[in-house]
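Quick notes on the structure that follows.
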Amino acid sequence: MPVKETPAKEEKPRQDKSYNPQIIEKKWQAKWEANQLYRSVIDKSKPKHYALTMLPYPSGDLHIGHWYAMTPADARARYMHMRGYNVLFPMGFDAFGLPAENAAIRDGVHPMKRTFQNIEKMRKQMKSMGAMFDWEREAISAAPEYYKWTEWFFIQLYKAGLAYRKMSAVDWCPNCNTTLAREQVWGDDRHCERCGTPVIKKDLDQWFFKATKYADELLKFDGIDWPQTVKTLQTNWIDRSEGASVVFKTEIGNHNVEIFTTRPDTLWGATFMVFSPEHPFVDEITATENKQAVEEYKTQAARQTEIQRGAADKEKTGLFTGAYAINPVNQERIPIWIADYVMMSYGTGAIMAVPAHDERDFAFAKKYKLPIVFVIQPEGESEAEQGERNTAYTGPGIMVNSGPFNGTKVNTEKGRKNPGIAAVLDWIAEQGIGKESVNYRYRDWLISRQRYWGAPIPMIYCEQHSWNPVPEDQLPVLLPEDVEWKPTGESPLKLHPTWKNTTCPVCGEPATRETDTMDTFMCSSWYHLRYLSPKYDKGPFDPAEYDYWMPVDTYTGGIEHATMHLLYTRFFHKAMRDAGIVKGDEPMMQLRNQGMVLGEDNDKMSKSKGNVVAPDVLVDKYGADSVRAYIMFFARWEMGAPWDPQGIEGTVRWVRRVWTLFTDPTPPTTVPASDEVTKNLRRKVHQTLRKVTRDFENFEFNTIISSLMELMNEMYKAREAGAAGSNTWKEAQEIYVKMMAPVTPHIAEELWSQLGKPYSIHTQPWPTVDEAATKEDSIELPVQINGKVRDRITVPAEATEDEIKSAALASEVVQKYLEGKEPRKVIVAKGRLVSIVV
RNA sequence: GCCGGAGUGGCGGAAUUGGCAGACGCGCACGACUCAAAAUCGUGUUCCCUACGGGAAUGAGGGUUCGAUUCCCUCCUUCGGCACCA
């Protein structure tokens, strides 16, 4: 790509030397764009760095939260660029989704039109930020050339046996009029992650991705540098538990009822079974005389929401079915109950109840007078004593009443680490009554959405041949433009008169298309791949680009996606790795999360609360550089903070004062600086450089700005002392502007140019710390006596421990405290302090 | 109930390996400039006292250490996640 020269526009010589961000920011943005400063192309002579920040939904307005996420990410990408990396820092839009469709229902404006208008506006707003986004690589998930490949990926998942259709009770948001994946239902009241409406259950035939196949691998985070909190959230979300699956037989029908238990060592204590009211065997096994009561209980349980059923402190209720099962370890006949504390959605929907060693089962047994048999005895406790218990016993002990295992030790470890469990696991396998088993809370990913504005699910249904994917050469399945906007709870695609009619790819007979669209998290699971080659049409990405840029080196974004996007994209990557489409085990090597900017009132920013901060207004008033600097300065990035509208004055002053320091032609003194002044200045410059470098590495953006402020204050003092014009001064200026460049790219470029340096500062190498220059000549050490600072001594930096010690002891103050006595102990922490114990 | 993060001046925050707590900034006060104001520049700004000097203080209490914001234990507050999970 040839570098275009900007037409040399003759500007009038500046009359006004004062800082005018509106002029210089526009000037440099135009120049950078004109000569494609931020175009990232493969360059095998350089190490690559793929910096990715989560892409926004095109709501139509860039708010301060976007700046908070993007500006530090941009600054760091710029820093990496100056460190010599070939940096890819792309941007795009997660452009499918409900808001645009809901707006269409409201006012009839087509989501396509609105979305692309919004993108237009936001792209312009983003450009005012002065970020180094490579817009040639922009990807928009709602564009056909993008969603063609989202559809293609669905087919690859289908071919890999990872996409399946199932009728089940799924979560439905009555406000969004669509189903949601388990991850998208939040909180105690089980509300929709997007709109906050409590969800309900609906029985629907839906497409799922078999994410659970990767549960174990998703628990491994080897080789990736991700925050512990995210790893913990994902681990808890998947919630692996080790145990056994054991088969109990029903008397009636001789059905095999599989149960999951984490405590196979307590099998001999299973004195009854509890089925979830929805369990498929309930109707058949229920005795005639119990039928009516059971039906009533089922109806009542179904009427309750899962929240009500899930309330842990709720009094347990249940009902005897009249049926019995056989405990396979001791052939005991045990009653089968139904109770709503057993959930169809976890495990198998049926449990063995061991009241002696499980609190819930104990409470249930007490209430309904069911037998309680203790099979784990704490050491030193007699059977009689145990019979007195009024709680379940869950601690360690010895197995009793357990046939061949009497006397076996049980500890509190889970799974095979527990000797009792390990022994029973082997035995049940031998006996053929059960096996070692792992259960997860993690569910398969429900991908179907009953909405229009999403990527079509590229599947066709034929009476003869059931479901088949759309042939790949017919992709994309395009969204029809002429649809009616009705909030019916069914996809508008279903109501379209002709769109769904097609032919079966197997037999060619008339068939119908799937009218649901995909969860937009499917689009964002692979956007980092589309950035590699957004115009490529032979595949989702150009393999040459993939081989050079992937994996993502640094990924930044909000932690709210811990169990959604960040889990989906890992699953997606692993599934596509196994399909031979991508390489490596993980898509993103390093992850860092930013916090959230809250409103002044400490509340989440929202239009309805009227606490939204508009960055455009700030940019108009102060310039993008000052806003960028404030964003990075005002809070710890990973923590976030409520917005303080006054605080921005601090960074505005800093930027102006730097401007003045560099452009004021009349230094305050003509007296040349002493060697000491220049040496001290140079020391401070290199110390600051070391600090700023380290802070960029560690994503500690706030202290980058404060260090730069500190150095500026020192430079003002040095200038006062005559340092201006010296070589040290020139070096200080040069390093200073380079350090500013990632944070405040426009003013840095302008000052760089005014220093007479060649365009562009953003292609300059990051300066190197002169370690020798950072060394202090003499250091002031505090002297502590019994832990309190009583004096300070100044010693040469290279003073030995003994020299420091005698200097400290020689101090008058120390002598006074010693009162002529010998100190008990003198500790010299070199370069830190002297501690004297009297 | 379980898991994880956080708690430091009026406010945002700093303190890198256990070594001077409060860097840097906001705000505030005073001063300079000005007819005046804004802007700008300068000085001060944790709290308490009898103020030359001394004492206390990093959510609370305890411990380890010459020395703890930092490590350990108990607890409190707060935010987030999970939860009749078998």
Side-chain angles (χ1 to χ4, degrees), chain A residues 186-188 227-237 239 241 243 259-263 266 270 273-274 276 309-316 339-343 345-354 358-361 363-364 439-441 559-560 562-563 593 595-596 629-630 633-636 638-654 656-657 660 690-691 694-695 698 700 702-713 716 780-792 823-838:
Chain A
W186 283 18
D188 290 346
Q228 188 53 49
T229 45
V230 174
K231 294 193 276 189
T232 304
L233 284 170
Q234 293 198 348
T235 303
N236 291 346
W237 184 256
D239 192 20
S241 70
I259 58 105
F260 174 76
T261 177
T262 55
R263 295 293 307 273
T266 63
M273 291 187 83
V274 186
S276 163
R309 279 182 62 173
D313 47 4
K314 199 186 80 170
E315 168 97 10
K316 295 193 183 2
D340 61 6
Y341 81 90
V342 175
M343 307 287 162
S345 56
Y346 185 81
T348 61
I351 61 161
M352 67 170 194
V354 184
D358 180 280
E359 295 293 352
R360 293 154 303 170
D361 298 343
F364 195 82
N439 196 51
Y440 304 89
R441 201 180 66 93
I559 198 163
E560 65 275 15
T563 57
N593 299 114
M596 216 193 302
Y630 185 52
F633 178 67
F634 93 105
R636 264 147 83 175
E638 76 278 15
M639 301 296 289
W643 184 257
D644 173 5
Q646 266 183 333
I648 195 169
E649 297 294 344
T651 48
V652 169
R653 275 179 208 138
W654 168 61
R656 278 207 210 111
R657 270 162 60 79
T660 307
R690 186 168 57 195
K691 163 88 175 139
R694 187 170 47 211
D695 288 351
N698 297 335
E700 286 164 8
N702 55 340
T703 48
I704 290 172
I705 316 292
S706 46
S707 305
L708 289 173
M709 287 173 169
E710 235 178 290
L711 175 57
M712 177 191 67
N713 291 339
Y716 264 99
E780 197 189 59
L781 293 180
V783 180
Q784 287 186 349
I785 293 161
N786 291 341
K788 285 200 195 323
V789 177
R790 297 296 184 185
D791 197 15
R792 283 156 212 285
R824 283 221 317 237
K825 206 169 176 184
V826 180
I827 295 134
V828 177
K830 262 192 106 180
R832 300 286 189 186
L833 54 44
V834 182
S835 184
I836 296 168
V837 190
V838 183

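In what follows, every chain begins at residue 1, and chains take the letters A, B, ... in the order their sequences are listed. Nothing here was measured: the structure is a model prediction, and the numbers come from that model.
The separation between A/Trp643 atom CH2 and B/rC26 atom C1' is 13 Å, rounded to whole Å. Protein atom CZ of A/Arg657 is 12 Å distant from nucleotide atom P of B/rC24, rounded to whole Å. Atom CD in A/Glu638 sits roughly 13 Å away from atom P in B/rG5 (whole-Å rounding). Distance A/Met596 CE to B/rU78 P: 19 Å, rounded to the nearest Å. Computed from coordinates, the A/Tyr341 OH to B/rA86 P distance equals 13 Å when rounded to whole Å. Whole-Å rounding puts the A/Glu700 CD to B/rA14 P distance at 8 Å. Nucleotide B/rG13 holds its P atom 19 Å from the CD atom of A/Glu710, rounded to whole Å. The CG atom of A/Asn236 sits 15 Å away from the P atom of B/rC85 (whole-angstrom rounding).
Taking atom C1' on both B/rU70 and B/rA14, the two are 14 Å apart, rounded to the nearest angstrom. Using atom P as the reference point in both B/rU8 and B/rA15, the two lie 15 Å apart (nearest Å). Rounded to the nearest Å, the gap between the C1' atom of B/rU64 and that of B/rG9 is 29 Å. A gap of 11 Å separates the C1' atoms of B/rG12 and B/rG27, to the nearest Å. As rounded to the nearest Å, B/rU45 and B/rG25 have C1' atoms that lie 14 Å from one another. Atom P of B/rA36 sits at a distance of 44 Å from the matching atom of B/rG54, rounded to the whole Å. Rounded to the nearest Å, the gap between the C1' atom of B/rC26 and that of B/rU77 is 27 Å. As rounded to the nearest Å, B/rU46 and B/rU78 have P atoms that lie 30 Å from one another.
The shortest side-chain heavy-atom distance between A/Val837 and A/Asn786 falls under the 4.5 Å cut-off. Counting heavy atoms from C-beta outward, A/Met709 and A/Thr651 have side chains that approach closer than 4.5 Å. Side-chain contact between A/Thr266 and A/Asp358 is absent, with no heavy atoms from C-beta onward closer than 4.5 Å. With contacts defined as side-chain heavy-atom distances shorter than 4.5 Å, the pair A/Tyr630/A/Trp643 qualifies. The side-chain heavy atoms of A/Glu700 and A/Ile704, taken from C-beta on, include no pair separated by under 4.5 Å.
In terms of modelled atom types and a separation under 3.5 Å, the side chain of A/Asp361 and the main chain of A/Val354 share a donor-acceptor contact. Listed for the A/Tyr341 side chain is no donor-acceptor partner under 3.5 Å among the backbone atoms of A/Val274.
Dashed line: the shortest gap from a side-chain N or O of A/Thr262 to OP1 or OP2 of B/rC85 is not under 4.0 Å. Within the structure, a side-chain polar atom (N or O) of A/Asn713 is placed less than 4.0 Å from OP1 or OP2 of B/rG25. At B/rA83, one or more side-chain N or O atoms of A/Arg441 fall inside 4.0 Å of OP1 or OP2 (strictly under the cut-off). Between A/Arg832 and B/rU17, a side-chain N or O to OP1/OP2 separation shorter than 4.0 Å is absent. In this model, the phosphate group of B/rA39 is not approached by any side-chain N or O of A/Arg656 to a distance below 4.0 Å at OP1 or OP2. Taking 4.0 angstrom as the limit, A/Lys788 places a side-chain polar atom (N or O) nearer than this to OP1 or OP2 of B/rA56. Phosphate proximity of B/rG12 to A/Arg636: absent, as no side-chain N or O sits under 4.0 Å from OP1 or OP2. Here A/Lys825 reaches the OP1 or OP2 of B/rC66: one of its side-chain N or O atoms lies under 4.0 Å away.
Listed candidates were B/rC82, B/rG27, B/rC85. Nearest to the side chain of A/Tyr346 is B/rC85. Relative to the side chain of A/Ile827, the nucleotides B/rG19, B/rC26, B/rA86 differ in distance, and B/rG19 lies closest. Comparing B/rA14, B/rG19, B/rG5 against the side chain of A/Asn702 picks out B/rA14 as the nearest. With B/rA6, B/rA86, B/rA15 as the choices, the nucleotide that has an atom nearest any side-chain atom of A/Thr703 turns out to be B/rA15. Here B/rG12 is the nucleotide among B/rG12, B/rC84, B/rG81 with the atom lying nearest to any side-chain atom of A/Ala641. Out of B/rC20, B/rA23, B/rC26, the shortest distance to the side chain of A/Asp644 is found at B/rC26. The side chain of A/Asp239 lies closest to B/rC85, out of B/rG4, B/rC85, B/rC84. The side chain of A/Phe633 sits closest to B/rC24 out of B/rG19, B/rC24, B/rA86.
At the heavy-atom level, A/Asn786 lies nowhere under 4.0 Å from the strands shown. Backbone-only contact: A/Arg790 has heavy atoms under 4.0 Å from sugar-phosphate atoms and none from a base. Across all strands shown, A/Arg824 has no heavy atoms under 4.0 Å from either base or sugar-phosphate atoms. Using a 4.0 Å heavy-atom criterion, one finds that A/Asp361 contacts no nucleic acid atom at all. Within the 4.0 angstrom heavy-atom criterion, no nucleotide atom of any strand lies near A/Trp654. Residue A/Gly595 is classed as having no contact, given no heavy-atom separation below 4.0 Å to the nucleic acid. Counting non-hydrogen atoms under 4.0 angstrom, A/Ser241 reaches the backbone sugars and phosphates but no base. Residue contacts shown for A/Gln784 include a base, since a base heavy atom lies under 4.0 Å away. Among the protein residues, A/Thr261 comes within range of the sugar-phosphate backbone only, with heavy atoms under 4.0 Å from sugar or phosphate atoms but none that close to a base. Using a 4.0 Å heavy-atom cutoff across all strands shown, A/Leu833 reaches at least one base atom of the nucleic acid.
With its glycosidic angle more than 90° from 0, B/rG25 is assigned anti.
With a cut-off of 3.5 Å on both pairing distances, B/rG9 has no Watson-Crick or G-U wobble partner at all. Remark: B/rC28 base-pairs with B/rG44. Criterion, Watson-Crick or G-U wobble with two distances under 3.5 Å. Pair assignment for B/rA23: none, as no Watson-Crick or G-U wobble contacts are both less than 3.5 Å.
For the pair A/Gln228 and A/Gly787, nearest-nucleotide mapping onto RNA chain B gives the more 5' position to A/Gln228. If A/Asp695 and A/Val789 are placed on RNA chain B by their nearest nucleotide, the residue sitting closer to the 5' end is A/Asp695.
In this structure, CD1 on A/Ile836 lies 15.0 Å from NZ on A/Lys788, to the nearest 0.5 angstrom. How far CD1 of A/Ile705 is from CD of A/Glu710: 13.0 Å, rounded to the nearest 0.5 Å.
Judged by distance alone, the side chains of A/Asn713 and A/Arg657 do bring a donor and an acceptor atom under 3.5 Å apart.
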